[in-house]
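Because the structure is a prediction, the values reported are computed rather than measured. Along the sequence shown, residues are numbered consecutively beginning with 1.
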Amino acid sequence: MATITTEKRGHLYLIGLNRADKRNAFNLAMLGELAEAMTEYEADSELRCALLFAHGDHFTAGLDLGEVGPAVRSGSPIFPEGSVDPLNLMTPGRTKPLVMAVQGFCLTIGIELLLAADVRVAAKSTVFAQMEVQRGIMAFGGATLRFARECGWGNAMRWLLTGDRFDATEALRIGLVQQTVPTGRQLEIAEAIAERIAAQAPLAVQATLASSRASLTDGHNAALASMYEAARATMSS
């Protein structure tokens, strides 16, 4: 059985974690299939927005370290070579928007996928934890790079350095998610947001996303230097 489901719905691409019997814990196959789904999304010009969600009661219990750990220790890639990195850390990366809906446990890589996404919706009963330090390791999927930027230094360190669990109210307070909703409605509401994004002019959406990202990764001046050229290009499209 596929560990990732995909569905094209007009200009929207739905990607579902599908290892519910293991609380959607990521093994190597699931990481690879997620990368393949992201690569398909990036390559299809008809797809304008993706929605990442999970089948079952939990978004993810994190990484299956019994399988993923040895691969990381040996230096083996956890995503297929040439595929789009779901964590948007390596090239090739994703240039189109990603909305996420989470519920149940959203642990370790679940938070790191949220930090790599653009709009995030959580069920009110969601439980979060970046718990790597409790296992004697460090987060390596982007949390050390993005958590403080997205949520503030003190907020990030409170949860990164303890590995403690926190709830959806705290996730909303610190900006890890943009909206909390009644449990069971997270996919419906996230899909409505994704549909709104997909309904907009795709070149304008992608240019807006690129400029906003550049301000974070390259700095204000570098983003400013390319902003007007990008704006002129969209006006000519």
*Point-to-point distance, once rounded to the nearest 0.5 Å, from CD of Gln200 to CZ of Arg48*: 9.5 Å
*asked:* Is any side-chain heavy atom of Leu98 closer than 4.5 Å to one of Val119?
replied: no
*Do any N or O atoms from the side chain of Arg19 and from the backbone of Ala25 form a donor-acceptor pair under 3.5 angstrom?*
yes
*Should Met100 and Ile197 be regarded as members of a common hydrophobic cluster, given that ILVMFWY residues are connected when their side-chain heavy atoms come within less than 4.5 Å of each other, either directly or indirectly?*
no
*Under a 4.5 Å cut-off applied to non-hydrogen side-chain atoms, are Asp85 and Pro92 in contact?*
no
_Please give me the minimum heavy-atom distance between Leu115 and Glu150, naming the atom from each residue._
CD2-CG, 3.7 Å
*Do Phe105 and Thr126 have side chains that get closer than 4.5 Å, going by heavy atoms?*
no
*Same apolar cluster (I L V M F W Y, side chains within < 4.5 Å links), Phe59/Ile174*: yes
*Please name the pair of heavy atoms, one in Thr3 and one in Met30, separated by the smallest distance, quoted to 0.1 Å.*
OG1-CA, 3.1 Å
*Could you pull out the closest heavy-atom pair between Leu107 and Ala61, with the gap in Å?*
CD1-O, 3.7 Å
*Test item: Asn24 side-chain N/O and His58 main-chain N/O as donor-acceptor pair under 3.5 Å*: yes
*Does the side chain of Leu209 reach to within under 4.5 Å of the side chain of Arg213, using non-hydrogen atoms?*
yes
*Interatomic distance, Leu145 atom CG to Leu89 atom CG [nearest 0.5 angstrom]*: 6.5 Å
*asked:* Side chains of Glu188 and Gln186 only: does a donor on one sit below 3.5 Å from an acceptor on the other?
replied: no
*Relative to the ring of Tyr13, is the ring of Tyr41 parallel (under 30°), tilted (30 to 60°) or perpendicular (over 60°)?*
parallel
*Rounded distance (nearest 0.5 Å) linking atom CZ of Arg23 with atom CG of Leu17*: 15.0 Å
_Linked, directly or transitively: Met90 and Phe79 (ILVMFWY side chains, under 4.5 Å)_ = yes
*asked:* Has Arg165 got a side-chain atom pairing as donor or acceptor with Phe128's backbone, closer than 3.5 angstrom?
replied: no
*Could you tell me whether Phe53 and His55 have their ring centroids closer than 6.0 angstrom?*
yes
*How many angstroms lie between CZ in Arg185 and NZ in Lys124, if you round to the nearest 0.5 Å?*
10.0 Å
*Would you find a donor on one side and an acceptor on the other, under 3.5 Å apart, between the side chain of Asp164 and the backbone of Trp159?*
no
*Per the side chain to side chain contact (heavy atoms under 4.5 Å, CB included) rule, which among Thr208, Ile193, Val205 passes with Pro97?*
Val205
*Answer yes or no: is there a donor N or O on one side and an acceptor on the other, between the side chain of Gln130 and the main chain of Leu160, under 3.5 Å?*
no
*asked:* So Cys49 and Val99, do their side chains get closer than 4.5 Å, heavy atoms only?
replied: yes
*Between Arg196 and Glu191, is the closest basic N to carboxylate O distance under 4.0 Å?*
no
*Take Val72 and Ile78 through the side chain to side chain contact (heavy atoms under 4.5 Å, CB included) test and state the conclusion after the steps.*
CA-CA 7 Å; Val72 173; Ile78 61 173; 4.0 Å; yes
_Donor-acceptor contact present, side-chain Ser74 to main-chain Pro70, <3.5 Å_ = yes
*Atom CE of Met157: over 12 foreign heavy atoms under 6.0 Å*: yes
*State, yes or no, whether a side-chain contact exists between Leu113 and Leu87 at a heavy-atom distance under 4.5 Å.*
yes
*Taking side chain as C-beta onward, heavy atoms only, is Arg149 less than 4.5 Å from Leu216?*
yes
*At their closest point, which heavy atom of Leu12 faces which heavy atom of Leu47, and how far apart are they?*
O-CD2, 3.8 Å
*Are Ile4 and Leu14 joined in one hydrophobic group, where the rule is that I, L, V, M, F, W and Y side chains link up if heavy atoms are under 4.5 Å apart?*
no
_Approximate separation, where rounding is to 0.5 Å, of Leu114 CG and Cys106 SG_ = 4.5 Å
*Common cluster, Ile137/Ile109, ILVMFWY with side-chain heavy-atom separation under 4.5 Å*: yes
*Distance, nearest 0.5 Å, that separates CD1 of Ile15 from CE of Met38*: 4.0 Å
*Is there a donor-acceptor pair closer than 3.5 Å between any side-chain N or O of Thr180 and the backbone N or O of Ala168?*
no
*Is a side-chain donor-acceptor pair under 3.5 Å present for Thr162 with Arg158?*
yes
*For the residue pair Gly141 and Arg146, what are the closest heavy atoms and their distance?*
O-NH1, 4.5 Å
*Do you know which two heavy atoms are closest between Asn18 and Ala2, and how far apart they sit?*
ND2-O, 3.0 Å
*What pairs meet the side-chain hydrogen bond (donor to acceptor under 3.5 Å, both in side chains) rule with one or both residues in residues 90-117, with sequence neighbours excluded?*
Glu42-Thr95, Arg94-Asp118
*State which residues pass salt bridge (Lys or Arg N to Asp or Glu O under 4.0 Å) with Asp44; sequence neighbours excluded, sorted by chain then number.*
Lys8
*Heavy atoms, side chains only, cut-off 4.5 Å: are Thr144 and Met138 in contact?*
yes
